[in-house]
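Just so you know, these numbers use all the heavy atoms, side chains as well, and skip hydrogens, waters and symmetry mates. First listed ligand is number 1; within each ligand, the first listed atom is number 1.
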Amino acid sequence: MPISASPAAPLVPPRVLTVAGSDSGGGAGIQADLKTMLAHGVHGMSVITAVTAQNSLGVQGAWELPVEAVRAQYRSVVDDIGVQAVKTGMLASAALVETVAALLAATDAPVVVDPVGVSKHGDPLLAAEALDSVRQKLLPVATVATPNLDEVAQLTGVTVTDESGMRRAAGEILGYGPRWVVIKGGHLPGEPVDLLTDGTEEHWLRAPRHDNRHTHGTGCTLASAIACGLARGQDVPTAVRAAKEYVTGAIAAGFPLGAGIGPVDHGWRL
Ligand SMILES: Nc1ncnc2c1ncn2[C@@H]1O[C@H](COP(=O)(O)OP(=O)(O)OP(=O)(O)O)[C@@H](O)[C@H]1O
Ligand SMILES: Cc1ncc(COP(=O)(O)O)c(N)n1
């Protein structure tokens with residue numbers, strides 16, 4: 001017999017899944033995603049697609065996992081625990097892009113696709129022959145796609161040098177089927193401006209540029225933070241604005257590690 005009333009049911013945080021590569025240096029990929037999720041008070045989960053040997057100087061090695069290992073991780077998480085949002089990052093190969101896209105086509109959860117192509121140091125993280133699978137299979141299942149300007153060029157052939165180019169690139173990416181796109185203008189000179197649009201609404205997100213070279217993992221961090229907002233039920237513009245504020249603060253607090261580009265500080269608000 002209980003001697004006191006049963007305690008209130010424990011609060012269960014929203015659950016967010018990242019499908020991405022591991023960065024042994026802890027600055028980008030799965031590690032950045034899970035840290036971002038912790039900082040947003042959600043329960044982070046992972047499907048690892050590839051393992052990289054990586055540090056502040058670059059990527060020294062990369063090994064993709066078999067398709068069955070990726071599918072099995074996804075099923076384990078989704079069939080038991082469930083997800084309120086998914087973020088994808090490094091998918092390495094056409095086979096993995098197509099496997100992940102097929103799994104995500106069957107989910108009701110919002111999906112943030114960061115179409116990772118190369119690392120900050122220029123190391124390839126996606127096979128060139130996978131680009132068509134990203135265009136035809138992955139972008140169509142995205143609630144929000146978040147390409148940087150190099151990824152825009154790879155996917156659309158558009159070279160962006162100014163804000164009108166960002167608008168043109170957004171139209172091209174939306175043509176592949178994501179509901180929203182964030183064109184990240186962090187690589188343009190001047191204030192880092194991102195364009196969020198669904199083809200009807202247009203939101204220009206501006207922030208001060210932090211002259212900090214320790215920016216490893218910015219793209220992963222932005223996309224994961226968007227997924228966290230969506231998992232909490234925010235609409236896309238609200239989630240993207242909040243994510244932009246979070247990544248801006250994380251860049252301002254980025255710190256030196258190793259001899260090269262250090263990570264942003266995911267815990268800057270904690
Ligand atoms: N120096 C900076 N100061 C402030 N914000 C920045 C800076 N550099 C990039 N950003 C912002 O960080 C976010 C990520 O943009 P970025 O263009 O760096 O993505 P990315 O290239 O995909 O990142 P990564 O190189 O990690 O893959 C965007 O919101 C962008 O505007
Ligand atoms: C596993 C993995 N995923 C993504 C990135 C991109 O991040 P960055 O462009 O900051 O190197 C990375 N370097 N490694």
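The side-chain heavy atoms of His43 and Val16, taken from C-beta on, include no pair separated by under 4.5 Å. In this structure, the side chains of Ile48 and Gln73 come closer than 4.5 Å at one or more pairs of heavy atoms. Between Val247 and Val264 the shortest side-chain heavy-atom distance does not fall below 4.5 Å.
The closest side-chain donor-acceptor pair between Thr197 and His203, if any, does not fall under 3.5 angstrom. In the model, Ser93 has a side-chain atom that pairs as donor or acceptor with a side-chain atom of Glu64 under 3.5 Å. At a cut-off of 3.5 Å, with distance as the only test, a side-chain donor of Gln31 or Ser22 sits close to an acceptor on the other residue. Donor-acceptor pairing under 3.5 Å is lacking for the side chains of Asp33 and Thr36.
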Per-pair distances, 0.1 Å, donor-acceptor, side chain in residues 183-195, under 3.5 Å, sequence neighbours excluded:
| residue | atom | partner | partner atom | Å |
| --- | --- | --- | --- | --- |
| Lys184 | NZ | Asp114 | OD1 | 3.4 |
| Lys184 | NZ | Thr146 | O | 3.0 |
| Glu191 | OE2 | Arg206 | NH1 | 3.1 |
| Asp194 | OD1 | Gly185 | N | 3.1 |
| Asp194 | OD2 | Lys244 | NZ | 3.1 |

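Among all non-hydrogen protein atoms, the one lying nearest atom 9 (C) of ligand 1 is Gly186 CA, 3.8 Å. Among protein heavy atoms, atom 20 (P) of ligand 1 sits closest to Asn148 ND2, 3.5 Å. For atom 6 (C) of ligand 1, the closest non-hydrogen atom on the protein side is Ile251 CD1, 3.3 Å. For atom 13 (C) of ligand 1, the closest non-hydrogen atom on the protein side is Val247 CG1, 4.1 Å.
Residue-environment remark: CG (Asp211) stays at or below the threshold of 12 foreign heavy atoms within 6.0 Å.
Of the polar atoms of Lys244, at least one N or O is found under 3.5 Å from an N or O of ligand 1, judged by distance alone. Considering backbone and side-chain atoms alike, Thr218 places an N or O below 3.5 Å from some N or O of ligand 1. The shortest N or O to N or O distance between Lys184 and ligand 1 is under 3.5 Å. Residue contacts with ligand 1: His210 is placed with a nitrogen or oxygen under 3.5 Å of a nitrogen or oxygen of the ligand (distance criterion only). Distances between N or O atoms of Leu222 and those of ligand 1 include no value under 3.5 Å.
Here Asp194 has side-chain heavy atoms under 4.0 Å from ligand 1, and that is the only part of it that gets that close. Residue Pro208 touches ligand 1 through its backbone alone, judged by heavy-atom distances below 4.0 Å.
A side chain to side chain contact (heavy atoms under 4.5 Å, CB included) with Lys87 is found for one member of Pro110, Cys228, Ser224 and no other, namely Ser224.
Between the His216 side chain and the Pro263 main chain, no donor and acceptor come within less than 3.5 Å of each other. The closest donor-acceptor contact from the side chain of Thr52 to the backbone of Ala62 lies at 3.5 Å or more, if one exists at all.
In this structure, His40 and Tyr246 have perpendicular ring planes: the angle between them is above 60°, well past the 30° mark.
Proximity to Lys120 (heavy-atom distance under 4.0 Å) selects the following atoms of ligand 1: 23 (O), 24 (P), 25 (O), 26 (O). Within the listing of ligand 1, atoms 26 (O) sit less than 4.0 angstrom from a heavy atom of Gly217.
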Pairs of nitrogen or oxygen atoms, one from ligand 2 and one from the protein, closer than 3.5 Å: please tabulate them with distances.
| residue | atom | partner | partner atom | Å |
| --- | --- | --- | --- | --- |
| ligand 2 | 9 (O) | Lys120 | N | 3.0 |
| ligand 2 | 10 (O) | His216 | ND1 | 3.3 |
| ligand 2 | 10 (O) | Gly217 | N | 2.7 |
| ligand 2 | 11 (O) | Lys120 | N | 2.9 |
| ligand 2 | 11 (O) | His216 | ND1 | 3.3 |
| ligand 2 | 13 (N) | Gln54 | OE1 | 2.7 |
| ligand 2 | 14 (N) | Gln54 | NE2 | 3.2 |

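When His216, Glu245, His187, Arg213 are checked for heavy-atom proximity to atom 16 (P) of ligand 1, His187 turns out nearest.
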